[in-house]
Amino acid sequence: MSSNKPYRVGRSRTGLGLFATKPIKKGAKIVRYFGPLLDSRKKKDDAIENKYLFELNGRWTIDGSVRKNIARYINHACKPNAESDVKPRKRKVIIRAIKNIEPGEEINYDYGTDYFKAYLKPIGCKCGACEKKRKKKRAEARAEKLRLKAKAEKKALKKAEKQAAKAKEKAAQKVAQKAKENVEQKAGQKRRLNGNNGAHLNGHGGKSPAGKMIAAESEISIKPAATPDLENSVSA
C-alpha cells in the first residue's frame, strides 16, 4: 500500500476496517471498489456467493473478495461519512467522502437495505450509530429498573410505616385499657373498703369497748322512788 494514500487498514469493532491517515475533504474520492466482473447470465458467475459482491445492475456484479481490493475493508454504517458512487455503464464503483473525515476516523458507508437484511440484521448491526442506540437503550433500561426498584422500596417503606403506626396504636390502646382496668379495680376495692367501715360505724357487728358500754347501760333498770307510808306518818 502506497504511503501517499489517505487511509490504512486497521482493527475496528467488527474486525478489520479502513481508517483515514490524512484529512479527507467532503466530496473527495477515497478509493475504488474493484474486482472481477460477474455476469448473472452465466450460471458459473451467478453461482458465486460471498459478502463482497457489489451489484452494479441486473446483469453485472463486482466480486470484491480479491485482496487487492482495499475498499472491501470499509465497513457498513447506518450514519456513514462516505458513500458508494456507482457508475453502471463504466462498471465501476468509487467510494467518496460525504463529510470531512479527520485522521484516525474509520471510513464507512451504507451497504444498502438488501445487504443489511441478509447479513447484518440477523447478527445485529455494530456500527457506531447502532451501538450508540443500544447503549442508550441499555442506559434507559437500567434507569427504568432503578426507578421501579426505588418505587417498590418506597411502597414497602410506606407499608412498613403504616404497619408500625397500627402496632403502636394497638399497643397504646392496650396500655390505656390496662390502666383503665387498674383504675376500676382500685375503685372497686375502695368501695368495698368503705362499705365495711360503714357497717362497723352503725353498730351492726361492732366489737369496740364503746359498743359494750352502750349495751351495758341499756340493761340498767330505773325503779321509781319509794312512796312514804302515810299511815305511819299520821300516827306519829
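Remark: Ser84 engages no residue in a side-chain hydrogen bond (donor to acceptor under 3.5 Å, both in side chains) (not counting sequence neighbours). Evaluation of the salt bridge (Lys or Arg N to Asp or Glu O under 4.0 Å) rule for Arg32 yields no partner, not counting sequence neighbours. Looking at residues two or more places apart in sequence or on another chain, you find a ring-ring contact (aromatic ring centres under 6.0 Å, His included) between Tyr115 and Tyr111, Tyr119. Not counting sequence neighbours, the partners of Pro88 by the side-chain contact (heavy atoms from CB on, under 4.5 Å) test are Asn57, Val86. Every side-chain hydrogen bond (donor to acceptor under 3.5 Å, both in side chains) that Arg134 has, sequence neighbours left out, goes to Glu131. Judged as a side-chain hydrogen bond (donor to acceptor under 3.5 Å, both in side chains), and not counting sequence neighbours, the contacts of Arg147 are Glu144. By the side-chain hydrogen bond (donor to acceptor under 3.5 Å, both in side chains) test, Asp63 pairs with Asn50, Ser65, sequence neighbours left out.
What you find for Ile24 and Ile107 is that their closest heavy atoms are CD1-CD1, 4.1 Å. Considering every non-hydrogen atom in both Ser12 and Phe19, the closest pair reads CB-CZ, 3.9 Å. Closest approach of Asn108 to Pro80, counting heavy atoms only: OD1-CA, 3.2 Å.
Contact of the Arg72 side chain with the Arg67 side chain is registered, since non-hydrogen atoms from C-beta on lie closer than 4.5 Å. Under the 4.5 Å side-chain criterion, counting only non-hydrogen atoms from C-beta, Leu18 is not in contact with Glu106. Side-chain contact between Asp46 and Thr61 is absent, with no heavy atoms from C-beta onward closer than 4.5 Å. Cys78 is listed as a side-chain neighbour of Phe116, based on a closest heavy-atom distance under 4.5 Å. The side-chain heavy atoms of Cys127 and Lys79, taken from C-beta on, include no pair separated by under 4.5 Å.
Applying the ring pair (Phe, Tyr, Trp, His ring centres under 6.0 Å) definition to pairs two or more places apart or across chains, those involving residues 30-49 are Tyr33-Phe54. Sorted by first then second residue, the side chain to side chain donor-acceptor pair (under 3.5 Å) pairs that include residues 148-159, not counting sequence neighbours, number zero.
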Inset, instruction - Show the numbers, then the answer: is there a side-chain contact (heavy atoms from CB on, under 4.5 Å) between Leu38 and Ile62? - result: CA-CA 6 Å; Leu38 303 178; Ile62 296 174; over 6 Å; no
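Residues Leu16 and Tyr109 are members of one and the same hydrophobic cluster, defined by side-chain heavy-atom contacts under 4.5 angstrom among Ile, Leu, Val, Met, Phe, Trp and Tyr. Put simply, Val31 and Val66 are part of two different groups of oily side chains (I, L, V, M, F, W, Y) that touch within less than 4.5 Å, one to the next. Ile48 is not connected to Trp60 by any chain of hydrophobic side-chain contacts under 4.5 Å among Ile, Leu, Val, Met, Phe, Trp and Tyr, and they are in different clusters.
Panel note: side chain Asn69, backbone Gly64; a donor-acceptor pair is recorded below 3.5 Å.
A distance of 13.5 Å separates CG in Leu157 from NZ in Lys162, rounded to the nearest 0.5 Å. A distance of 10.5 Å separates NZ of Lys42 from OG of Ser40, quoted to the nearest 0.5 Å. A distance of 10.5 Å separates CD of Glu102 from CG of Asn81, quoted to the nearest 0.5 Å. The distance from the NZ atom of Lys51 to the CG atom of Leu120 is 9.5 Å, given to the nearest 0.5 Å. Once rounded to the nearest 0.5 Å, the distance linking CG of Leu56 with NZ of Lys90 reads 13.5 Å. Taking NZ of Lys44 as the reference point, atom CG of Asp39 lies at 12.5 Å (rounded to 0.5 Å).
In this structure, a donor-acceptor pair under 3.5 Å is present between the side chains of Thr14 and Asn75.
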Side-chain donor-acceptor distances from residues 163-172 under 3.5 Å, at least two apart:
none

Acceptor/donor pairs from residues 173-189 side chains to any protein atom, 3.5 angstrom cut, sequence neighbours excluded:
{"from": "Gln177", "atom 1": "NE2", "to": "Glu181", "atom 2": "OE2", "distance (Å)": "3.4"}
{"from": "Asn182", "atom 1": "ND2", "to": "Lys178", "atom 2": "O", "distance (Å)": "3.4"}

Can you give the donor-acceptor pairs under 3.5 Å from side chains of residues 91-101 to other protein atoms, not counting sequence neighbours?
{"from": "Arg96", "atom 1": "NE", "to": "Asp85", "atom 2": "OD2", "distance (Å)": "3.0"}
{"from": "Asn100", "atom 1": "OD1", "to": "Lys26", "atom 2": "N", "distance (Å)": "2.9"}

